[in-house]
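Below is one structure, written out as structure tokens, with a few remarks after it.
We name chains A, B, ... by the order of the sequence lines, and we start the count at 1 in each one. Every value quoted in this text rests on a predicted model; they were computed, and no experiment measured them.
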Amino acid sequence: MSTRYNFREYEAKWQKAWAEALVYQTKEKTPKYYVLEMLPYPSGRLHMGHVRNYTFGDVIARYKRASGYSILHPMGWDAFGLPAENAAIQHGVHPKVWTLENVRFMKEEIQSLGISYDWSREILTCSPDYYRHEQKIFLDFLKQGIAYRKESFVNWDPVEGTVLANEQVIDGKGWRSGAPVERRKLSQWFLKITDFAQELLDDLTHLDHWPEQVKTMQANWIGRSKGALIHFPLIEKEEVLEVFTTRPDTIFGASFIGISPDHPFVEELAKTAPALHTFITECRALGTSQKDVETAEKKGFNTGLTVRHPFLKNHTLPLYVANFVLIDYGTGVIFGCPAHDERDYEFAVKYKLPILPVIKDPQEGPLPYGGEGLLINSEFLNGLTVEEAKKEVIHRLVTKKLGTAQISYKLRDWGVSRQRYWGAPIPIIHCTHCGIVPVPEDQLPVTLPEDVTFDQPGNPLDSHPTWKYVDCPVCGHPSERETDTFDTFMDSSWYFARYCSPHSAQPFERKEAEFWLPVDQYIGGIEHAILHLLYARFFTKALRECGYWNISEPFKNLLTQGMVCHETYRDQAGSWLYPNQVERRDGQLVKIADGTPVKVGRSEKMSKSKCNVVPAAKIVEEYGADTIRLFMLSDSPPERDFEWTEAGIEGSWRYINKVWRLVTSHLSDLRTVKADDVPLTFTDNALEIRKLTHKTISLVTQDIERFHYNRYVAHLREFTNALEEFIPNDASEFWTLHEAFHTLVLLISPALPHLAETLWAELGHPPFVVNQPWPQADPAFLREEEVTLAIQVNGKLRGTLVISPDLSVDEAKALILDLPFVTAQVQDSPVKKFIYIPGKIANVVL
RNA sequence: GCCCGCUUGGUGGAAUGGUAGACACAACAGACUUAAAAUCUGUCGAUCGAAAGGUCGUGCCAGUUCGAGUCUGGCAGCGGGCACCA
């Protein structure tokens, strides 16, 4: 028997055998368990983040399979999106060719990992077989009033003549052209996610197995707030501005009205005011990124107009167009109360506006003050608390018909139009007679034409000579197709349903979807905590409203994994270097090409731009799938970032070989053991190993259930280390070793399925270990007869004592107070308190 | 700027409010070997001490508690998200 595990031979052998025996084919039986890893974008090569994600999913899928569940564990491709178009522009490859090539590579790489996917359910979002159903869903949304059209802003590159994504805008300039980007208005399709805002918020409370942090982020994103809508009539014009505020109590501290530069009233004003027009243009040079708008210097434009204060006769407030007022939140108009708001304060100082405190700061701290306190300088509100004042103001506003109570959400409707080629066509026809006409369902899919080029600016669909011209399905008049395509988030908002019946002529079969959903365990990166997960939750509810199913939440349990990081290297010139361009010579890292020293940077998320990517395929080639899988599970808990190191992968490889040597070196001894002939008596050594075997089953089971995968690996190692030292001498000990090895092979199988399968065969069993039931711990072995108790005096550890956990407090106290290291501390002092937690600790308080 | 996290030895990390550092990695010393690789054994938070043992120690500052890495408040550093990257 070789002392090195031949992973190349065995991994290929078992992957082939599993595939031929259709081991991972989904069977619709109860109890069911749906494991899903986030749909990958086919970037070309498998990276470590993917490997980590799929290994996490595979462990739970295999463990649940062994525990008697029927598993749905599918895989597919989020195949539309921007990078394919960038590749087309840069390298002249057609997006479809580029994407399918990437899928082909990545699929091969994923398959080499031996993940238990049912590949017969694979989906590809850029295939008309997939997006035709998305088009149908969109038309249903339209019927149901969930989809609608409105104007909104995009980043416009005036040189390229194209719309840019936020990531393509760098410091306010187009990434290719370098031209300053402007915010431009376009008519686009939106989905009414705001109609579901309250339900999306309320249902978070039922998602018991989602990380709190994700639920908090979603709740803040939805951003429900209670406040008031206040009417401010303009003095100079017949016009009333509506303001939404969460702080109506500070109304007497108002010193100005701020209105968004994108507000229709401002646009109207600008038509006759060139200076205002210039100001708006400046504001729009910021692009659409919220971060840029909020971090920009606060600027205002005094319109010269004034509004009347709702409660103070003869008191007027100036109307400023302010760059920090967002058109998408509230009404796009605010009243500024500088004494109690950071932004308003900054603005007021800059434009020399009055700052009148209306809430008394009990600490007399500096302004602005945002805390609680009693109202001052506020007429009828004086002496009230903030809460009372809010109620009173709203009451008076209602009485005077100048406002109402109002609930507002930060959440905005979801714009799904993209002015791009590589996405699902929006199934709409624009007819000059009939207006907006949905493509009739029997004409779906609206297929993306393939004969396009990227040699001119803008969306190739727009300049396509034939595709966009059709006759109106209603009146027959020559019309034009919608040339925008869907946001790719649409594709990933319902794919989990398609997997349930991937070949259906409908988007999905209701029966199958309702059988499998919700997804029992969803796993993916924390970077998707808000957008993707919120959109998928929204789609689920919207589909319910359209009568597709009776499901409200798609994902029951959620695991958000951290990123895979690696050290970064730069040469003397400061250029990033790949790990394979660097080597250690005489204890120093040098550039292989010329031997010059390398600057080692801190560990960062693996990314192409920093060159700190380790390709997964290379590691699988060198060490095998089980080794890379084991390393991904070791050391770091799933939620945390993972540090990729060469030494770490080596360590995992050593463990694989250790298990291989351990089991194969005892094979001849074990062949004589008959599992059914349980010995009547066991030696002490045997009992100790049996105890550890069952304890390990119990610990490992808990570890997997709780996703403590790093502890799962640690417990396997501890078990293996103990078995290495165990040299069996009599029949009971051989039987014990037999039990221990079978347990070990079963326990490693979710993580190391190829090695487990190999050893299972070596132990003389027919395939497949992956179909074997999960081992059960015998409770008789889990009870501790003696425990080590920590003994503290005044909370400080002074020693330990091995005793039975069943001793009473009095028995324990008598023993402990007699211990020499306790008496030395206690001396003559009276014992004030004696704390005794059986099995854990005793604390003598003096 | 706003929202959400994270911070423990040389390194990754372990620890239902109860013996801080499990399990690994690296390093060092040794065994085996002609040699190397592989494998095995030992040491491995800091500090004082010949030893027994003591003292300090979980980013920083306070607090709650018999007892805090863990809970609370504040601060710092790092990371994720911010609506057209996915």
Side-chain angles (χ1 to χ4, degrees), chain A residues 3-4 38-41 43 78 80-83 86 154-155 163-169 193 211-221 223 288-296 298 324 328 342-343 410-420 487-489 492 525-532 534-535 560 562-563 565 602-605 634-637 639-643 645-648 650-652 654-655 657-658 661 708 710-711 713-718 721 724 788-800 832-835 837 839-846:
Chain A
T3 55
R4 300 275 280 193
M38 285 181 185
L39 189 67
Y41 181 80
S43 55
D78 187 15
F80 274 136
L82 209 45
N86 291 336
V154 293
N155 295 310
V163 174
L164 298 180
N166 280 340
E167 74 156 7
Q168 298 174 317
V169 179
I193 191 171
E212 281 305 320
Q213 144 206 25
V214 174
K215 289 192 279 185
T216 311
M217 282 193 265
Q218 291 214 352
N220 290 339
W221 186 262
T288 63
S289 153
Q290 178 127 353
K291 188 174 116 199
D292 291 347
V293 171
E294 285 189 25
T295 49
K298 291 177 190 31
F324 63 91
D328 293 307
E342 200 74 51
R343 278 178 319 185
K410 279 207 190 85
L411 183 68
R412 312 198 297 254
D413 276 338
W414 174 14
V416 294
S417 297
R418 295 292 179 271
Q419 296 70 39
R420 305 192 196 295
D487 179 4
T488 54
F489 271 126
S492 53
I526 184 68
E527 65 273 19
H528 295 292
I530 297 176
L531 291 181
H532 162 61
L534 196 66
Y535 290 150
T560 48
M563 300 172 305
C565 300
R602 67 190 175 84
S603 185
E604 294 189 62
K605 178 185 175 170
S634 308
D635 296 345
S636 292
E639 307 78 28
R640 283 231 222 152
D641 287 352
F642 181 90
E643 177 71 24
T645 60
E646 196 60 33
E650 286 283 347
S652 294
R654 277 202 292 273
Y655 178 75
N657 280 293
K658 190 187 239 199
R661 274 194 313 272
H708 293 167
N710 53 328
R711 300 205 333 188
V713 174
H715 287 131
L716 289 177
R717 284 180 182 273
E718 272 178 290
N721 289 345
E724 272 193 317
T788 307
L789 197 69
I791 313 290
Q792 297 180 339
V793 179
N794 279 339
K796 221 174 192 11
L797 184 76
R798 291 297 168 184
T800 58
K832 266 199 223 143
K833 212 166 171 185
F834 180 75
I835 294 178
I837 314 292
K840 298 269 185 206
I841 204 159
N843 189 5
V844 181
V845 185
L846 303 178

**Request:** Using the closest heavy atom to pick a nucleotide of RNA chain B for each, name whichever of Gly795(A) or Gly651(A) lands nearer the 5' end.
**Result:** Gly651(A)
**Request:** Report yes if some heavy atom in the side chain of Asn155(A) is under 4.5 Å from a heavy atom in the side chain of Gln168(A); otherwise report no.
**Result:** no
**Asked** Should we say atom CD of Glu639(A) is surrounded by more than 12 heavy atoms from elsewhere, each under 6.0 Å from it?
**Response** yes
**Request:** Would you mind pulling out the nucleotide paired to A36(B), Watson-Crick or G-U wobble, both distances under 3.5 Å?
**Result:** none
**Prompt:** Tell me: NZ of Lys298(A) to P of G1(B), nearest whole Å?
**Reply:** 10 Å
**Prompt:** Rounded to the nearest Å, what distance is computed from the CG atom of residue Asn721(A) to the C1' atom of nucleotide C40(B)?
**Reply:** 12 Å
**Asked** How many angstroms lie between CG in Leu534(A) and NE2 in His528(A), if you round to the nearest 0.5 Å?
**Response** 14.0 Å
**Request:** Apply side chain to side chain contact (heavy atoms under 4.5 Å, CB included) to the pair Val214(A) and Ile526(A), showing each step before the final yes or no.
**Result:** CA-CA 8 Å; Val214(A) 174; Ile526(A) 184 68; 4.0 Å; yes
**Prompt:** Say you pick atom P in G18(B) and the same atom in G67(B); how far apart are they, in whole Å?
**Reply:** 14 Å
**Asked** Asn843(A) and Lys833(A): side-chain donor and acceptor closer than 3.5 Å?
**Response** no
**Asked** What is the distance from CD of Gln792(A) to C1' of A68(B), rounded to the nearest Å?
**Response** 11 Å
**Prompt:** Expressed in whole Å, how much space separates the P atoms belonging to A68(B) and G63(B)?
**Reply:** 12 Å
**G5(B) pairs with, by Watson-Crick or G-U criteria that keep both distances under 3.5 Å** = C78(B)
**Complete:** Answer for the Watson-Crick or wobble partner of U72(B), both distances under 3.5 Å, is A62(B)
**Request:** Supply the atom-to-atom distance Tyr655(A) OH to Asn721(A) CG, rounded to the nearest 0.5 angstrom.
**Result:** 8.0 Å
**Fill in**
note: Lys833(A), atom NZ; G67(B), atom P; distance rounded to Å ~ 9 Å
**Asked** Among residues 839-846 of chain A, which contact RNA chain B at a heavy-atom distance under 4.0 Å?
**Response** Lys840(A), Ile841(A), Asn843(A), Val845(A)
**Asked** Using purine N1 to pyrimidine N3 plus N6-O4 or O6-N4 for Watson-Crick, or N1-O2 and O6-N3 for G-U wobble, both under 3.5 Å, which nucleotide pairs with A52(B)?
**Response** none
Which atoms of nucleotides 26-31 of chain B (N or O only) lie under 3.5 Å from a protein N or O atom, and what are those distances?
{"from": "A26(B)", "atom 1": "OP2", "to": "Arg654(A)", "atom 2": "NH2", "distance (Å)": "3.4"}

**Item:** Pairwise P distance for A15(B) and A36(B), with rounding to whole Å
**Value:** 40 Å
**Item:** Heavy-atom protein contacts under 4.0 Å, nucleotides 7-15 of chain B, coded B base, S sugar-phosphate only, - none
**Value:** S----BSSS
**Request:** Give the intermediate values and the outcome of side chain to side chain contact (heavy atoms under 4.5 Å, CB included) for residues Arg418(A) and Val163(A).
**Result:** CA-CA 9 Å; Arg418(A) 295 292 179 271; Val163(A) 174; over 6 Å; no
**Message:** Under 3.5 Å for both donor-acceptor distances, Watson-Crick or wobble: does A20(B) have a partner, and if so which one?
**Reply:** none
**Request:** Assign a letter to each nucleotide of nucleotides 80-86 of chain B from its 5' end: B, base within under 4.0 Å of a protein heavy atom; S, sugar-phosphate only; -, no contact.
**Result:** BSBBBBB
**Complete:** Per the glycosidic torsion and the 90° limit around 0, nucleotide G21(B) is anti
**Asked** To the nearest angstrom, how far is Glu212(A) atom CD from C6(B) atom P?
**Response** 12 Å
**Item:** Interatomic distance, Ile835(A) CD1 vs G17(B) C1' [rounded to whole Å]
**Value:** 12 Å
**Asked** If you measure only the distance, is there a donor-acceptor pair under 3.5 Å linking the side chains of Asp641(A) and Ser636(A)?
**Response** no
**Message:** Can you check the distance between U33(B) and A20(B), where both ends of the measurement are the P atom (answer in whole Å)?
**Reply:** 44 Å
**Pairing nucleotide - G10(B), Watson-Crick or G-U, each distance under 3.5 Å** = C25(B)
**Request:** Rounded to whole angstrom, note down the P distance from G74(B) over to G79(B).
**Result:** 23 Å
**Message:** Pair Arg640(A), Asn710(A) - check side chain to side chain contact (heavy atoms under 4.5 Å, CB included), show working.
**Reply:** CA-CA 11 Å; Arg640(A) 283 231 222 152; Asn710(A) 53 328; over 6 Å; no
**Message:** Counting the atoms with a prime plus P, OP1 and OP2 as sugar-phosphate, which does Lys796(A) contact under 4.0 Å by heavy atoms, base, sugar-phosphate, or nothing?
**Reply:** sugar-phosphate
**Prompt:** Taking only residues two or more places apart in sequence or in another chain, which ones pass ring pair (Phe, Tyr, Trp, His ring centres under 6.0 Å) with Tyr535(A)?
**Reply:** Trp414(A), Phe489(A)
**Asked** Expressed in whole Å, how much space separates the P atoms belonging to U19(B) and A29(B)?
**Response** 36 Å
**Message:** For the CG atom of Leu789(A) and the OG1 atom of Thr800(A), what is their distance to the nearest 0.5 Å?
**Reply:** 8.5 Å
**Item:** Contacts of type side chain to side chain donor-acceptor pair (under 3.5 Å), residue Asp78(A), not counting sequence neighbours
**Value:** none
**Asked** What distance, rounded to whole Å, do you find between the two C1' atoms, one in G10(B) and one in G45(B)?
**Response** 10 Å
**Arg798(A) vs Val844(A), side chain to side chain contact (heavy atoms under 4.5 Å, CB included): CA-CA, chis, key distance, verdict** = CA-CA 10 Å; Arg798(A) 291 297 168 184; Val844(A) 181; over 6 Å; no
**Message:** Tell me the interatomic distance from Ile837(A), atom CD1, to G17(B), atom C1', rounded to whole angstroms.
**Reply:** 10 Å
**Item:** 4.5 Å side-chain heavy-atom contact, Asp635(A) and Val713(A)
**Value:** no
**Request:** With C1' as the reference atom in both, quote the distance from G13(B) to C23(B) in angstrom, rounded to an integer.
**Result:** 8 Å
**Message:** Using a 3.5 Å distance criterion without hydrogens, assess whether the side chain of Asn794(A) forms a donor-acceptor pair with backbone atoms of Leu846(A).
**Reply:** yes
**Prompt:** Say you draw a straight line from CE of Met38(A) to CD of Glu527(A); how long is it, rounded to the nearest 0.5 Å?
**Reply:** 7.5 Å
